[in-house]
Amino acid sequence: ITGRCGSTLLAGVAKAYGNFGTGHDALNPAPAPAWKEHNPRRDLAKFIRHILGKQTMAGGIVYFQITPERWERLMTLLPDEFIGMATFSSITRRNILAQAISFAFASASGYWHDRGDGEYDGNFGPPDDAIEQVREHLAAIRRTEEAIAGFRARHPQLFVGNIFYEDIAADPFSTLAALMTMHGHAVDFTRLTEAIAQPAVTRKLRYHAFPDLYRRCLEQIPGLAESLLHRLGGGPG
């Protein structure tokens, strides 16, 4: 995943579906030394049972989120044969400016998800160095996408496809069905429909300052407008 890409929403639907893992972000809070300490012999079964935990499993499937940086560390702790046992897909975002602004707001406000509790403040203003922060987040997003492309080039037989944040937001039913199909799962469409109908685990954070910051970024970051138009303007075929 590239972050701020709809993976939490998608994982919530998968968990409600109940037969395709849970999409749990199991490795987010655990630094690499903690993984190594709990699994010095690179035992795959122990890794799944004790590090990922049962909360990642559903329907006999382990589905978890990871970034390319975590992946590089993780593979120093897993047996080499793991690479041939799993399949991989990625989640990216066409509008990386909106993605970078989302990172900037989340980092500054401390709110990464709206879970319907009404705790975040839509009037929260971006920090004074918001444009510079957005530049840095844009660079980090691009590095992550390059790392994903590199992984795909090295392991084409394991990489099954990519889905986009914009498609998750617009049509989670079709997007999750596509993700499951990519990974060889026979989709239970009735069950998936019921999962989609359940309340979303997270909602889009909406800040009133977003449009103005979006405009300023397009005006002040050289080449961004052209790059964004290229990413957003691709048609079929």
Side-chain angles (χ1 to χ4, degrees), residues 1-11 25 65-72 88-114 120 122-156 159-176 178-179 182 202-237:
I1 61 173
T2 55
R4 316 309 289 158
C5 59
S7 59
T8 300
L9 174 60
L10 196 69
D25 199 0
Q65 304 174 38
I66 197 166
T67 65
E69 293 82 5
R70 293 180 207 154
W71 168 254
E72 293 297 331
F88 300 84
S89 55
S90 58
I91 308 176
T92 59
R93 191 162 174 166
R94 295 184 181 97
N95 191 335
I96 59 171
L97 173 56
Q99 186 177 11
I101 291 175
S102 179
F103 268 118
F105 270 112
S107 299
S109 70
Y111 286 98
W112 291 83
H113 299 99
D114 173 16
Y120 86 98
N123 292 312
F124 178 84
D128 293 338
D129 64 342
I131 300 262
E132 186 56 37
Q133 286 192 27
V134 169
R135 288 179 193 264
E136 293 173 1
H137 289 306
L138 283 167
I141 292 165
R142 290 186 174 112
R143 287 194 299 270
T144 302
E145 290 185 344
E146 290 170 0
I148 290 172
F151 180 91
R152 183 172 191 166
R154 292 191 302 274
H155 306 289
F159 196 94
V160 297
N162 180 78
I163 57 176
F164 290 102
Y165 163 88
E166 289 81 0
D167 297 329
I168 297 170
D171 189 357
F173 176 91
S174 298
T175 310
L176 185 54
L179 178 70
M182 288 177 189
T202 183
R203 299 158 182 78
K204 183 178 178 62
L205 289 162
R206 300 185 184 277
Y207 292 101
H208 300 307
F210 175 89
D212 182 64
L213 180 55
Y214 193 94
R215 174 187 58 79
R216 290 194 291 129
C217 288
L218 287 174
E219 292 174 349
Q220 297 181 36
I221 300 178
L224 177 58
E226 294 80 4
S227 173
L228 202 58
L229 283 173
H230 178 74
R231 290 180 68 105
L232 296 175

Hits for ring-ring contact (aromatic ring centres under 6.0 Å, His included) against Phe103, two or more places apart or cross-chain, chain-then-number order -> His137
Under 3.5 Å, which donor-acceptor pairs link side chains of residues 207-217 to any protein atom two or more places apart or in another chain?
unit_1 : atom_1 : unit_2 : atom_2 : d
Tyr207 : OH     : Ser109 : OG     : 3.2
Asp212 : OD1    : Arg215 : NH2    : 2.4
Asp212 : OD2    : Arg216 : NE     : 3.3
Tyr214 : OH     : Asn95  : ND2    : 3.1
Arg215 : NH1    : Glu219 : OE1    : 3.0
Arg215 : NH1    : Glu219 : OE2    : 3.3

With sequence neighbours excluded, give me every salt bridge (Lys or Arg N to Asp or Glu O under 4.0 Å) pair touching residues 223-233. Glu145-Arg231
Selection residues 133-144 - residue pairs positive for salt bridge (Lys or Arg N to Asp or Glu O under 4.0 Å), sequence neighbours left out: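 Output for this query lists Glu132-Arg135.
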List for me each residue that meets side chain to side chain contact (heavy atoms under 4.5 Å, CB included) alongside [X], sequence neighbours excluded, and say none if there are none.
X	value
Pro68	Thr144, Ala147, Ile148
Arg152	Phe159
Thr67	Ile1, Glu69, Arg70
Ile168	Leu9, Leu10, Ile91, Ile163, Thr175

Report yes or no: does Gln220 contribute a side-chain atom to a donor-acceptor pair with the main-chain N or O of Ile131 at less than 3.5 Å?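 A pair under 3.5 Å: no.
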Asn123 atom CG: more than 12 heavy-atom contacts under 6.0 Å: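 Yes.
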Over 12 foreign heavy atoms within 6.0 Å of CZ, Arg154: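 Counting other residues, nucleotides and ligands, CZ of Arg154 exceeds 12 neighbours.
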Which residue pairs pass the side chain to side chain donor-acceptor pair (under 3.5 Å) test when at least one of the two sits in residues 97-107, sequence neighbours left out?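 Passing the test, one end in residues 97-107: Thr2-Gln99, Arg4-Ser102.
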Nearest 0.5 Å, what's the [atom1]-[atom2] distance between [X] and [Y]?
X	Y	atom1	atom2	answer
Leu232	Ser227	CG	OG	9.0 Å
Ser89	Met182	OG	CE	6.5 Å
Cys5	Glu166	SG	CD	10.0 Å

Determine whether Tyr111 and Phe124 make a side-chain contact, defined as any pair of heavy atoms from C-beta on separated by less than 4.5 Å.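 Sidechains of Phe124 and Tyr111: no contact.
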Given the rule in the side chain to side chain contact (heavy atoms under 4.5 Å, CB included) test, do Leu205 and Tyr120 qualify, once you have shown the distances and angles that lead to the verdict? CA-CA 8 Å; Leu205 289 162; Tyr120 86 98; 3.6 Å; yes
Excluding sequence neighbours, so at least two apart, what forms side chain to side chain donor-acceptor pair (under 3.5 Å) with His113? Thr8
Of all residues at least two apart in sequence or in a different chain, which pass the side chain to side chain donor-acceptor pair (under 3.5 Å) check with Asn162?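 Expected list: Ser90, Thr92.
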